[in-house]
Amino acid sequence: MEQYVIKGGNPLEGEVTIAGAKNAALGILAAAVMTDQEVTIENVPNVRDTRVLLQAIQGIGASVRYIDEHTVAICGGTINPNNDLCVDDEFIRKIRASYYLLGALLGKYNQSKVALPGGCEIGARPIDLHIKGFEALGATVTIANGMIQAKAEALVGKHIYMDITSVGATINVMMAAVLADGKTTIENAAKEPHIVDVANFLNSMGANIKGAGTDVIRIRGVKELHGTTYSIIPDQIEAGTFMVAAAATKGNVLIKNVIPKHLEAITSKLNEMGATVIEYDDSVRVMVDKRLKSTNIKTLPYPGFPTDMQPQMTAALALSNGTSVVTESIFENRFKYVAELSRMGAHIRVEGNTAIIDGVPTYSGAAVVAPDLRAGAALVIAALVANDFSTISDIKYIQRGYEKFEEKLRELGALIEKVETEKDIQKFKFKVS
Ligand code: UD1
């Protein structure tokens with residue numbers, strides 16, 4: 001089983017280039033099947049989640065052709081709508097976001113069927129808002145035998161109010177609505193950068209979507225979509241993770257290929273903690289030369305502080321001088337990693353959706369297990385700080401969303417290796433001691 005072995009203590013220094021946004025890619029790859037023409041998508045991050053979604057897309061009959069590591073051509077014209085348009089359990093278990101094919105196929109063929117996503121490591125994650133949105137557009141949604149099926153005679157535009165701001169429901173309903181008859185308005189829509197990216201992509205295919213990035217999205221249905229070439233935005237969370245890793249290790253890192261505006265919530269918290277963050281056109285530099293200061297954070301929908309940066313920031317706050325309070329307001333179960341961080345010496349008390357953190361001067365190395373993607377990244381950050389050796393297992397979660405994570409960290413001076421056996425760990429220890 002693959003794991004990371006890390007000898008911490010080195011400040012991260014140098015430059016790192018950020019990949020395309022995973023969460024934007026998941027929406028865009030699914031939306032690509034909505035035309036019968038070929039679509040070329042650039043800057044696709046080469047991470048497990050995008051690869052699995054591409055397999056699911058092939059599974060429904062679309063053709064998928066890799067042009068290079070980060071460019072893929074998809075053609076939805078080979079899908080046979082007379083076949084059962086069904087995305088099965090195998091994919092949805094590996095990657096929740098394959099449920100974007102529900103909205104994409106419903107929009108294009110007026111029918112789709114996807115295995116029902118269950119709960120997961122960070123909370124129950126219902127999909128009632130997606131269903132409500134499809135129903136508002138005229139679809140009948142049924143759940144049976146672990147599958148969710150949506151069918152419509154014809155989709156008709158509607159005024160839809162989202163009871164909760166949901167990234168997934170906004171994207172799914174937006175996809176279903178682009179080929180519907182007439183106008184759809186999504187109110188209380190999510191405003192995350194990847195919503196805007198999916199909307200821009202659909203518009204480049206001929207859709208008519210206005211207002212993405214605000215809380216009211218207006219869609220005028222069009223008859224059909226056409227082929228396009230589109231480049232995905234940089235990954236805000238990968239960038240944020242390297243920003244926090246630079247700060248926690250008291251390093252100096254230039255993080256390239258980013259949109260600084262998307263990072264503002266993270267930048268402003270790092271500033272409060274005493275880090276220097278310099279913004280350039282498409283890069284940011286993070287520098288820290290003394291112990292970080294405590295601060296309070298509450299996760300919120302964009303432009304608030306992203307829940308996907310909460311574990312990494314908690315790992316940095318656990319080293320800061322003073323007491324910090326982190327409140328998780330999006331997912332109910334996102335502090336499971338705290339037990340692992342405590343094994344590395346953190347002093348964190350969790351009460352409901354709040355973590356009260358008393359900063360410690362440093363971490364000590366330990367054998368820990370990544371409970372999910374972002375928590376895994378937080379444990380890597382802690383291990384990069386610890387003066388001794390750590391191992392992090394279950395890195396399959398980390399590989400879902402970070403491209404070449406260990407290679408990028410190594411280039412910044414980190415002592416980290418992906419290993420499989422105890423012998424490999426011993427070899428690494430011998431090499432770096
Ligand atoms: C997306 C991101 C995930 C990020 C999250 C919040 C992708 C692939 N994943 O997840 O990385 O952590 O946004 O920024 O883009 N909810 C409902 N009913 C629904 C849908 C959601 O009650 O039908 C609730 C959720 O339980 C949660 C909140 O709404 O409490 C926000 O979730 P949502 O924005 O939908 O997250 P995802 O799209 O699943």
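Since the model is a prediction, treat every value here as computed from it, not as a measurement. The analysis underlying the following values was restricted to heavy atoms, covering all of them including side chains, and did not include hydrogens, waters or symmetry mates. We count ligands from 1, going down the list as the structure has it; atoms in each ligand are counted the same way.
- Ile160 and Ala136 make their closest contact through CG1-CB, 3.7 Å (heavy atoms, listed as atom of the first residue, atom of the second, distance).
- No heavy atom of Leu373 sits closer than 4.0 Å to any atom of ligand 1.
- The backbone and the side chain of Ser166 each have at least one atom closer than 4.0 Å to an atom of ligand 1 (non-hydrogen atoms only).
- Both the backbone and the side chain of Leu129 come within 4.0 Å of ligand 1, counting heavy atoms alone.
- Using a 4.0 Å cut-off to heavy atoms of Tyr99, the atoms of ligand 1 that qualify are 38 (O), 39 (O).
- Interatomic distance, CD1 of Ile356 versus CZ of Arg349, reported as 4.0 Å (0.5 Å rounding).
- Heavy atoms of Thr307 found under 4.0 angstrom from ligand 1 belong exclusively to the side chain.
- Between Lys22 and Glu403 there is no salt bridge, since none of the side-chain N atoms of the basic residue sits less than 4.0 Å from a carboxylate O of the acidic one.
- A salt bridge is absent between Arg51 and Asp49: the closest approach of a Lys/Arg side-chain nitrogen to an acidic carboxylate oxygen does not fall below 4.0 angstrom.
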**OP:** Could you go through the side chain to side chain donor-acceptor pair (under 3.5 Å) check for Tyr402 and Arg48 one step at a time?
**Re:** CA-CA 9 Å; Tyr402 291 94; Arg48 191 161 290 179; over 6 Å; no
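- We find that Glu272 and Lys269 are joined by a salt bridge, their nearest charged nitrogen and carboxylate oxygen being less than 4.0 Å apart.
- Close contacts of ligand 1 with Asn23, meaning ligand atoms under 4.0 Å from a residue heavy atom, involve 2 (C), 3 (C), 7 (C), 8 (C), 9 (N), 11 (O), 15 (O).
- Residue contacts with ligand 1 for Ile164 involve side-chain atoms from C-beta outward but no N, CA, C or O (heavy atoms, distance under 4.0 Å).
- Each of the atoms 19 (C), 23 (O) of ligand 1 lies under 4.0 Å from some heavy atom of Ile127.
- Neither the backbone nor the side chain of Tyr302 has a heavy atom within less than 4.0 Å of ligand 1.
- The atoms of ligand 1 that sit less than 4.0 Å from any heavy atom of Ile330 are 27 (C), 30 (O), 31 (C).
- At least one heavy atom of Arg334 sits less than 4.0 Å from an atom of ligand 1.
- Under a 4.0 Å N-O distance rule, the pair Lys408/Glu238 qualifies as a salt bridge.
- A salt bridge links Asp308 with Arg334: the closest approach of a Lys/Arg side-chain nitrogen to an acidic carboxylate oxygen falls below 4.0 angstrom.
- For His194, the closest heavy-atom approach to ligand 1 falls below 4.0 Å.
- Heavy-atom minimum distance, Tyr397 versus Asp372: CB-C, 3.6 Å.
- Checking only distances, Arg96 never comes within under 3.5 Å of ligand 1, N or O to N or O.
- Less than 4.0 angstrom separates some heavy atom of Gly168 from each of these atoms of ligand 1: 35 (O), 38 (O).
- Those atoms of ligand 1 with a heavy atom of Asp308 less than 4.0 angstrom away are 3 (C), 4 (C), 11 (O), 12 (O).
- Put simply, CD1 on Ile148 and CZ on Phe134 are 7.5 Å apart, with the number rounded to the nearest 0.5 Å.
- In this structure, Pro126 has a heavy atom closer than 4.0 Å to ligand 1.
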